[in-house]
J.: 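Quick one: the structure is below, questions incoming.
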Amino acid sequence: MPELPEVETLRRELTKAVKAKTVKDFWTDWPKNVKPSASTVKTKIKGKIILDIRRRAKILIIKLSGGNFLLIHLKLTGQLIYQPKKLPATSYKLIAGGHPQKGGLDNLPNKFTHYIFSFSDGAKLFFNDLRKFGWVKLVSKLQADKLVSDFGIEPFTRDFTLKKFTEILQRYPNRKIKQILLDQTLISGLGNIYCDESCFAAKILPTRIARMLKEQEIKRLFLVIPKILKLAIDKKGTSADTYVQLDGSQGGMIPYLKVYGRQKQKCKRCRGLIHKIKLNGRGTHFCNSCQH
DNA sequence: GTGTTTGTTATCAA
DNA sequence: CTTGATAACAAACA
């Protein structure tokens, strides 16, 4: 699922692909998740130039000429796939049955394509979403600024300090550590994969209560979070589910995952067994031999 | 037909 | 105010 590294990978690729391009049109067959409305978005982004693309937490913020911002959230199963130039008309037939994981440029749009942005040079950006939880929003600068301030600390900014990280844990002393890491209003960008991976790297069980963590453990966790996210960005993200890069290819992070999706396998660090449990309704992976 | 998968928000309970 | 539990959203897969 798209978390910080996946969204950041897409942001970088998207910047290279569409910055300075002019939006020609917008299409959707799922207007429910387009705000304020599909027709408003269509009308208001036509002819606008992509000035910049930023990211806040797991949201892409596309700055358009004219002062508005286009926000995209991929939620669980969203894909953004970019097609540089026009293919023969026959390639645009709606093709049913293609598994979204297969991605690819040659069979788009497919049955999971719910939004298409087209550009004046003929390029297209496909937003596919198997579960249809993802959304598109057009907002003013004021609304975009509010969104930015509503989220917690970004792990790659100066704001992410050991002091602030410690304060967060102290503010919610009775929460399990994973629950704090997952809370986007406290720390932004971590989802299920990188929470579990961060806890493993810090040798801390995700079930630990925040107030019980020792100073050294908090520090280990603090240091390991940006490290893991950086590695995941270097590898262009984790394609565990439907996530693919902007060109439709898979991310390369899976071989570097230590616990996520490795239940019943041997721990890469201590040869213990990786367990999977439910924690606050989430699948949670850990090694109970070397995480404490 | 059932359980599983998960980001986010809403709602209700203690 | 904190926390936990549950549902909702939607759809595929085993």
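Protein chains get the first letters and strands the later ones, always in sequence-line order, with residue 1 at the start of each. Keep in mind that this is a model prediction, so the values were computed, not measured.
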J.: Under 30°, 30 to 60°, or over 60°: which ring-plane class applies to A:F165 and A:F160, parallel, tilted or perpendicular?
T.: perpendicular
J.: Reading nucleotides 5-11 of chain B from the 5' end, what letters show protein touch, with B for base, S for backbone sugar-phosphate only, - for no heavy atom under 4.0 Å?
T.: BBBB---
J.: Using purine N1 to pyrimidine N3 plus N6-O4 or O6-N4 for Watson-Crick, or N1-O2 and O6-N3 for G-U wobble, each under 3.5 Å, what pairs with B:dT11?
T.: C:dA5
J.: For atom P, what is the distance between B:dT6 and C:dA14, given to the nearest Å?
T.: 16 Å
J.: Report the distance from atom NZ of A:K132 to atom C1' of C:dA12, rounded to the nearest whole Å.
T.: 13 Å
J.: Students often mix this up, so state it plainly: with edges at 30° and 60°, are the rings of A:F286 and A:H275 parallel, tilted or perpendicular?
T.: parallel
J.: Would you indicate what A:D129 reaches in the nucleic acid, counting non-hydrogen atoms under 4.0 angstrom: base, sugar-phosphate, or nothing?
T.: nothing
J.: ring-ring contact (aromatic ring centres under 6.0 Å, His included) with A:F151: which residues, sequence neighbours excluded?
T.: none
J.: Do you see a donor-acceptor pair shorter than 3.5 Å between the side chains of A:D196 and A:H285?
T.: yes
J.: Heavy atom of residues 168-179 of chain A under 4.0 Å from DNA chain C: which residues?
T.: A:Y172, A:P173, A:N174, A:R175, A:K176, A:Q179
J.: Tell me if the aromatic rings of A:F117 and A:F127 count as close, with their centers under 6.0 Å from one another.
T.: no
J.: Do A:T157 and A:D159 pair up side chain to side chain, a donor and an acceptor below 3.5 Å, judged on atom types alone?
T.: no
J.: Applying side-chain contact (heavy atoms from CB on, under 4.5 Å), run through A:T238 and A:Y194 and close with a yes or a no.
T.: CA-CA 10 Å; A:T238 300; A:Y194 300 109; 2.7 Å; yes
J.: Considering only heavy atoms from C-beta outward, does the side chain of A:R12 approach that of A:I233 to under 4.5 Å?
T.: yes
J.: C:dT6 and B:dG3: how far apart are their P atoms, nearest whole angstrom?
T.: 14 Å
